[in-house]
Participant: 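First, the structure itself, so that you have it in front of you.
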Amino acid sequence: MFKDKVLKYNKRNKLFHRGDRIVVGVSGGKDSVCLLDVLDRCREEFDLTLLVVHVNHGIRGEAADRDEQFVKDMAADRGLECYSERVNVRQVAKERKMTEEEAGRFLRYQIMRHVCMEKSFDKIAVAHHQDDVAETVLFQMFRGSGPRGLSGIHPKREYVIRPILFAEGREIEEYVRENKLAYCEDQTNYSEEYSRNKLRLRVFPYVEREINNRAKAHVAKAAQKIALQNAYVEKQAKKEYMRVVHADQGQYYYNCDEFDRLDLVIQIEIIRLVLKNFRESVKDISETHYKKLIAMSRMEVGKQVSLPGKVCVERRYGCVWYRNITDQNGEMFYQKCLLPYEGLVKIRKDRMRIAMDVVPRRKLPEEIPEKDYTKWLDYDKIKGNLCLRNPKKGDYFIMDAAGNRKKLSRYFIDKKIPASERAKEIVLAEENHVIWAVPGRISNAYKVTKETRLVLVVVLAWG
């Protein structure tokens, strides 16, 4: 029984738990209809709260409008709340220099994250399945991806879960047919204008017909094995990273002789881990970059390599050093926050993901929940630019309603944070006014009041 398989897969991967509040992405196609139906059948048993989210991409005109209404009606029939939003994918693709596929995916996740934060939900469920894994693996392979890209799609990534990832497309079709579930047929799925559709419509049918009719399942299984091997390599690389990589005031270095004794695959992972200290993503670090960095330990002293994202790697006496070019100006970390914002920060040796969005006060619970890693702030009182950064001279809090100030440096002393570590702390600030000393206290000046109209919701989670 399909539901039993979902529950078994859920238990193995710890996707959802009793009492979870889950945003469900529903396009109206058979995959997302299957996902919603099976989660709905689990609703009472697990005391789940489900909220349906639909994104109208603004590409297919009346057909897209019909899909939107179909999803609204389906949610209403099940007694579920539904949120839908219309977007202009073509415009966003042009502005962000993305393909329409990439822009659509970006907007879907952005909207689902926004709803998740606005409604205080816990997780986002999407309807990827085994066929999607197979297509992703081949797509990445043809683009020249390494083992990380060939590991496919993960059952869980932070708060995004994929409860039917184990299922083949034919299983989902059978489930939809047996349960007489209505769904919408998206004609763009048959357009070869999109790269992935060419794999779905041309490559896999040929392979399944001429080579092996279980090709998709076998590719997905291979991706699982690659993911397991990647996890092992990462585990070993992290051990070596802790042994050979050293930090010094926001810069990172390793001894050339120690690095050269490591296996090549571990060297590549260590370089990736070092670079992740400076940037959220290393996708634009190419194979050529990695080859240059591996060779640095055998180059003459003074040799430098500049990487995308303002990272400089330098061969010094006996060591290879990595630094952010902005370190020369005394600023180790600075990130302007354009809302909605999502990014990675390093807080006291832990990598954390921070997300922010603005939500109307009327849409949030009347009582502000007391959570260490979620802050509600009065957005109306923020007049300047928001940024995440390291502390600097002159930073202060407003301590009370009377407007009394307290220096951030004094706060650090009271919290017994060593002087050597204070420069590495992270604050959310407006000019020199500290809104939040992450993950500690917030300034009284930004607390939500009865007059607050707009709330800045800031969520901190393990990265």
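If you read the sequence from its start, that first residue is 1, and numbering goes on from there. For the numbers below, each heavy atom of this structure counts, side chains included, while hydrogens, waters and symmetry mates do not.
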Participant: Does Glu342 pair with Arg353 as a salt bridge, N-O distance under 4.0 Å?
Facilitator: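 Counted as a salt bridge, because a side-chain N and a carboxylate O are separated by less than 4.0 Å.
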Participant: Rounded to the nearest 0.5 Å, what separates atom CD in Gln140 from atom OG in Ser145?
Facilitator: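 Answer rounded to 0.5 Å: 4.5 Å.
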Participant: Determine, step by step, whether Glu85 and Tyr83 satisfy the side chain to side chain donor-acceptor pair (under 3.5 Å) criterion, reporting the C-alpha distance in whole Å, the side-chain angles of both residues, the deciding distance to 0.1 Å, and the verdict.
Facilitator: CA-CA 7 Å; Glu85 185 168 334; Tyr83 175 90; 2.6 Å; yes
Participant: Measure the shortest side-chain to side-chain distance between Ile294 and Ile268 over non-hydrogen atoms and say whether it is less than 4.5 angstrom.
Facilitator: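 Yes - at least one pair of side-chain heavy atoms lies under 4.5 Å apart.
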Participant: Any side-chain heavy atom of Val92 within less than 4.5 Å of one from Asn88?
Facilitator: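 They are not in side-chain contact.
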Participant: Locate the shortest heavy-atom distance separating Pro439 from Leu460; write the atom from each residue and the value.
Facilitator: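 Answer, listing the atom of Pro439 first, then Leu460: CB-CD2, 3.9 Å.
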Participant: Under 4.0 Å between a side-chain nitrogen and a carboxylate oxygen: does that hold for Arg214 and Glu168?
Facilitator: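 Salt bridge between Arg214 and Glu168, a charged N being under 4.0 Å from a carboxylate O: yes.
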Participant: Once you round to the nearest 0.5 Å, how far does CG of Leu293 lie from CZ of Phe259?
Facilitator: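 Leu293 atom CG to Phe259 atom CZ measures 8.0 Å (nearest 0.5 Å).
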Participant: Taking Asp257 first and then Arg261, would you say they form a salt bridge - that is, a charged N and a carboxylate O separated by under 4.0 Å?
Facilitator: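 Judged by the 4.0 Å cut-off on N to carboxylate O distance, Asp257 and Arg261 do not form a salt bridge.
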Participant: Does a side-chain N-to-carboxylate-O contact under 4.0 Å join Glu171 and Lys5?
Facilitator: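 Looking at Glu171 and Lys5, the cut-off is met.
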Participant: Do the side chains of Glu102 and Arg105 get close enough for a salt bridge, i.e. N-O under 4.0 angstrom?
Facilitator: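 Salt bridge between Glu102 and Arg105, a charged N being under 4.0 Å from a carboxylate O: no.
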Participant: Given the side-chain rings of Tyr322 and Tyr253, with only the six-membered ring counted for Trp, is the space between their centroids under 6.0 Å?
Facilitator: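 No - the distance between ring centres of Tyr322 and Tyr253 does not fall below the 6.0 Å cut-off.
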Participant: Please lay out, stage by stage, how Leu165 and Gln130 fare under the test side-chain contact (heavy atoms from CB on, under 4.5 Å).
Facilitator: CA-CA 5 Å; Leu165 188 64; Gln130 200 171 95; over 6 Å; no
Participant: Below 6.0 angstrom between ring centroids: does that apply to Phe121 and Tyr159?
Facilitator: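 Distance test on ring centres: not under 6.0 Å, no.
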Participant: Mark yes or no for whether Asn404, through its side chain, and Ile398, through its backbone, hold a donor-acceptor pair below 3.5 Å.
Facilitator: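 The answer is no, because no donor-acceptor pair under 3.5 Å joins these two groups.
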Participant: Give the intermediate values and the outcome of side-chain contact (heavy atoms from CB on, under 4.5 Å) for residues Val305 and Cys312.
Facilitator: CA-CA 6 Å; Val305 173; Cys312 178; over 6 Å; no
Participant: With salt bridge (Lys or Arg N to Asp or Glu O under 4.0 Å) as the criterion, how do Arg21 and Asp122 come out once you've worked through the C-alpha distance, each side chain's angles and the decisive distance to 0.1 Å?
Facilitator: CA-CA 5 Å; Arg21 294 163 57 82; Asp122 306 304; 5.3 Å; no
Participant: Residues two or more places apart in sequence or in another chain: which of them pass side-chain hydrogen bond (donor to acceptor under 3.5 Å, both in side chains) with Glu234?
Facilitator: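 Testing Glu234 for side-chain hydrogen bond (donor to acceptor under 3.5 Å, both in side chains), a comparison that skips the adjacent residues, returns Arg148.
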Participant: Dump the intermediate steps for side-chain contact (heavy atoms from CB on, under 4.5 Å) on Trp436 and Ser443, then the final yes or no.
Facilitator: CA-CA 6 Å; Trp436 184 21; Ser443 175; over 6 Å; no
Participant: How far does CD1 of Ile435 sit from OH of Tyr379, to the nearest 0.5 angstrom?
Facilitator: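 OH of Tyr379 is found 10.0 Å from CD1 of Ile435.
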Participant: Could you check whether any side-chain heavy atom of Val87 comes within less than 4.5 Å of a side-chain heavy atom of Asn56, counting everything from C-beta outward?
Facilitator: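 Val87 vs Asn56: side chains apart.
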Participant: Starting from the C-alpha separation in whole Å, work towards a yes-or-no answer on ring-ring contact (aromatic ring centres under 6.0 Å, His included) for Tyr396 and Tyr411.
Facilitator: CA-CA 9 Å; Tyr396 66 91; Tyr411 168 76; over 10 Å; no
Participant: Where does the angle between the aromatic ring planes of His433 and Tyr446 fall among parallel (under 30°), tilted (30 to 60°) and perpendicular (over 60°)?
Facilitator: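 Tilted, since the angle between the ring planes falls between 30° and 60°.
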Participant: Please determine if Arg453 and Asp380 form a salt bridge, counting it only when a charged side-chain N lies under 4.0 Å from a carboxylate O.
Facilitator: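 Salt bridge: yes.
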Participant: Distance from Met296 atom CE to Asp260 atom CG, nearest 0.5 Å?
Facilitator: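 Output value for this atom pair is 12.0 Å.
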Participant: Whether Arg422 engages the ring of Phe412 as a cation-pi pair (distance to the six-membered ring centre under 6.0 angstrom, angle to the ring normal within 45°) should be assessed.
Facilitator: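 Output no; distance or angle outside limits.
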Participant: Distance check, rounded to the nearest 0.5 Å: Ile124 atom CD1 versus Cys116 atom SG?
Facilitator: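 Result: 4.5 Å between the selected atoms.
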Participant: Please say whether the positively charged group of Arg441, taken as NZ for Lys or CZ for Arg, lies over the ring of Phe397, i.e. under 6.0 angstrom from the six-membered ring centre and within 45 degrees of the axis.
Facilitator: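 Here Arg441 passes the 6.0 Å and 45° test against Phe397.
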Participant: Using 30° and 60° as the class boundaries, would you call the ring planes of Phe166 and Tyr9 parallel, tilted or perpendicular?
Facilitator: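 Phe166 and Tyr9: tilted rings.
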Participant: Under a 4.0 Å N-O cut-off, is there an ion pair linking Asp395 with Arg410?
Facilitator: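 Looking at Arg410 together with Asp395, the answer is no, because their closest N to O distance does not fall below 4.0 Å.
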Participant: Say you draw a straight line from CZ of Arg272 to CG of Asn277; how long is it, rounded to the nearest 0.5 Å?
Facilitator: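 Between Arg272 CZ and Asn277 CG, I get 11.0 Å after rounding to 0.5 Å.
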Participant: Give me the atom names and distance for the closest heavy-atom approach of Pro155 to Leu15.
Facilitator: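 Minimum heavy-atom separation between Pro155 and Leu15: O-CD2, 3.5 Å.
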Participant: Where do Glu300 and Lys303 land on the salt bridge (Lys or Arg N to Asp or Glu O under 4.0 Å) test, with the steps shown first?
Facilitator: CA-CA 6 Å; Glu300 65 272 15; Lys303 182 69 175 179; 5.4 Å; no
